[in-house]
Amino acid sequence: MTTPALLPLSGRRIPPLNLGPPSFPHHRATLRLSEKFILLLILSAFITLCFGAFFFLPDSSKHKRFDLGLEDVLIPHVDAGKGAKDPGVFLIHGPDEHRHREEEERLRNKIRADHEKALEEAKEKLRKSREEIRAEIQTEKNKVAQAMKTKETRVLPPVPVPQRVGVSGGDPEDAEIRKKRDKIKEMMKHAWDNYRTYGWGHNELRPIARKGHSTNIFGSSQMGATIVDALDTLYIMGLHDEFMDGQRWIEDNLDFSVNSEVSVFEVNIRFIGGLLAAYYLSGEEIFKTKAVQLAEKLLPAFNTPTGIPWAMVNLKSGVGRNWGWASAGSSILAEFGTLHMEFVHLSYLTGDLTYYNKVMHIRKLLQKMERPNGLYPNYLNPRTGRWGQYHTSVGGLGDSFYEYLLKAWLMSDKTDHEARRMYDDAVEAIEKHLIKKSRGGLVFIGEWKNGHLERKMGHLACFAGGMFALGADGSRKDKAGHYLELGAEIARTCHESYDRTALKLGPESFKFDGAVEAVAVRQAEKYYILRPEVIETYWYLWRFTHDPRYRQWGWEAALAIEKSCRVSGGFSGVKDVYSPTPAHDDVQQSFFLAETLKRGAASSSTSPCSMKMLSSATGPPHQFVESSQ
């Protein structure tokens with residue numbers, strides 16, 4: 001017997017059969033497009049009917065388990081004690097078990113009620129015609145558009161502007177110091193003028209290619225990040241013509257109604273912080289108005305099950321998401337923990353407590369959570385409210401969270417005791433588990449990863465020397481002298497990381513393994529991108545101790561930047577600080593104008609600089625913080 005062919009009919013060669021004239025009309029083997037569409041509609045209607053019928057079935061325990069499946073995720077359980085069925089249940093509420101059981105039951109009832117309400121709404125929708133549903137959708141669209149228009153055009157309430165301290169004056173008597181300050185100002189002018197010529201309106205500048213530059217943190221739109229970020233530095237340095245150029249661009253061109261996905265953290269510190277600082281320094285209402293408009297665009301990022309905001313948000317649609325690389329979709333401590341100062345200012349300026357409540361909710365949630373070894377991990381899942389990977393760092397991913405706790409206390413005129421307590425607890429855990437001394441006597445801050453200490457310190461962590469000095473006054477157990485000394489030790493270590501390179505500029509991170517101390521080992525860690533953290537720590541230590549070595553170290557860093565990073569079109573980062581011939585990365589970061597040069601100028605001044613000169617916007621009257629707590 002012949003084996004039957006396995007090819008499909010279309011692949012076989014079959015001679016046509018001659019069957020004679022047909023005795024019946026010819027029928028097509030295929031359907032017209034319109035007929036296919038009708039069949040598809042019928043199939044869709046059938047599926048919709050089956051799915052809708054599910055909601056009309058009587059409730060059962062199985063269905064209830066399906067509906068309420070998120071309860072265990074959203075409601076933290078109270079440990080029932082030793083006799084409980086599950087003794088491993090996580091206790092995060094505290095010792096008042098009865099009160100928290102009532103709270104848990106209340107939350108469960110609320111979730112059930114919300115589900116029942118959603119079910120009724122779904123049933124109601126199914127009873128309506130297509131035309132009625134379309135009309136409702138259009139009505140909702142019109143309401144949203146009108147609400148957005150109202151917010152953009154509303155007049156903000158007048159509020160007293162805090163006294164601007166340290167904005168002008170402070171000329172040093174020493175002619176040599178004045179000369180150094182003027183040099184820093186000239187460097188600022190060189191950076192700004194080239195940006196004005198080659199990158200105006202773009203987020204940043206490529207000084208060698210002489211064109212605009214941007215990264216994904218700013219999305220796809222050109223929002224003039226360098227303009228907004230540098231405004232306060234221009235004002236403080238007395239570059240008022242340049243400041244006015246920036247103000248006019250903001251009035252005419254800065255628009256946040258763009259289809260662009262941005263980093264909530266970066267846009268907050270660079271744009272909202274920059275705009276608020278410009279407002280407090282100049283009193284110009286346009287800066288306050290723009291800051292509030294942008295803040296409204298960021299609020300949808302907080303629409304998560306826990307209230308921990310997404311890392312990214314689309315300014316037009318409000319859709320948020322997290323970085324794909326961040327520990328299974330987690331939010332990052334240094335990002336959601338670095339919103340507090342700006343958002344408190346926004347509530348003060350607008351009278352709207354929404355901003356204040358958003359950041360206070362984050363703080364309350366963090367206070368309830370168990371912390372391994374008292375340390376804050378860098379990752380927190382905004383869906384489940386649970387920590388991600390147990391990785392703690394005072395450098396990248398964690399740094400500014402601790403800084404903002406301390407400065408929230410200072411901003412409140414030292415009345416925000418909750419912030420101070422969280423800061424002190426965190427610093428004690430950091431000192432116990434992360435701060436070590438190398439064989440060569442250098443004190444460094446390592447990183448805790450999955451139960452062990454990695455003996456590596458990042459350039460970003462060098463800010464902590466200044467933070468410890470700033471937080472010395474008011475520390476527990478009268479340890480002000482101890483923390484001032486600790487800050488000085490960190491400053492010395494970071495200075496060594498600069499001094500042990502060919503360019504006298506610090507690498508992105510450096511190791512303390514065996515004979516290697518304060519030196520980068522991997523090629524990918526040898527770059528310098530115009531960062532300010534080391535110069536910032538020098539500034540703090542100079543202010544608190546008046547030891548001239550810190551002012552000298554800051555000047556040496558400025559000279560190294562001038563020598564190795566200056567190009568004809570501005571300033572550029574370098575790829576390898578250990579190579580005597582600098583290879584440039586061709587990016588002039590916005591924070592170079594906003595932070596690095598500002599700290600350098602402040603080190604050559606005797607003016608009692610305000611908080612924005614150090615970090616973020618100037619603090620509002622502390623009475624607002626007190627009354628809101």
Side-chain angles (χ1 to χ4, degrees), residues 38-78 89 92-93 99-151 296-310 313-314 316-322 329 331 352-354 357-358 360-362 364-365 368 381-386:
I38 292 172
L39 286 175
L40 182 61
L41 284 178
I42 294 172
L43 181 61
S44 300
F46 179 75
I47 293 173
T48 304
L49 182 63
C50 292
F51 183 78
F54 171 80
F55 290 96
F56 290 94
L57 293 175
D59 289 341
S60 68
S61 59
K62 183 177 181 180
H63 292 150
K64 287 183 178 179
R65 284 197 300 271
F66 171 79
D67 289 340
L68 303 179
L70 285 177
E71 285 188 13
D72 292 339
V73 173
L74 299 180
I75 302 178
H77 292 281
V78 177
V89 171
I92 70 171
H93 280 300
R99 178 170 60 85
H100 290 301
R101 285 191 181 283
E102 292 181 350
E103 180 184 347
E104 181 176 336
E105 186 60 30
R106 180 179 58 80
L107 289 173
R108 288 184 184 277
N109 292 336
K110 184 178 185 302
I111 290 177
R112 290 191 184 97
D114 289 342
H115 275 273
E116 290 175 2
K117 181 180 178 182
L119 182 62
E120 289 300 321
E121 290 177 354
K123 291 177 181 178
E124 186 65 27
K125 290 289 183 185
L126 288 172
R127 297 191 187 102
K128 294 183 179 181
S129 67
R130 182 180 301 177
E131 289 73 18
E132 289 175 319
I133 293 174
R134 284 177 176 172
E136 286 186 1
I137 291 174
Q138 188 58 47
T139 300
E140 290 300 320
K141 284 184 177 180
N142 293 338
K143 287 181 180 179
V144 171
Q146 184 61 36
M148 291 178 65
K149 186 176 180 181
T150 301
K151 286 181 178 179
E296 291 288 340
K297 297 289 186 179
L298 298 186
L299 286 179
F302 291 82
N303 295 336
T304 67
T306 60
I308 298 295
W310 300 113
V313 69
N314 187 294
K316 187 172 186 178
S317 68
V319 174
R321 70 177 178 92
N322 276 343
S331 297
D352 184 351
L353 285 177
T354 299
N357 290 334
K358 293 292 185 186
M360 288 304 297
H361 174 79
I362 294 173
K364 298 296 184 186
L365 180 64
K368 291 180 179 180
N381 193 303
R383 293 186 178 91
T384 66
R386 294 176 180 140

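From R321, atom CZ reaches atom OG of S331 across 12.0 Å, with rounding to the nearest 0.5 Å. Taking CD1 of I308 as the start and CG of L365 as the end, the distance is 5.0 Å to the nearest 0.5 Å. Distance check: K364 NZ to N357 CG gives 11.0 Å after rounding to the nearest 0.5 Å. Distance check, rounded to the nearest 0.5 Å: CG of N381 to CG of N322 gives 8.0 Å.
Contact check for L298 versus P309: no side-chain heavy atoms found under the 4.5 Å cut-off.
In terms of heavy atoms, H361 sits closest to T306 at NE2-O, 2.7 Å. Across all non-hydrogen atoms, the minimal contact from P382 to P305 is O-CD, 3.7 Å.
Every residue two or more places apart in sequence or in another chain that forms a salt bridge (charged side-chain N to carboxylate O under 4.0 Å, His left out) with E120 is listed here: K123.
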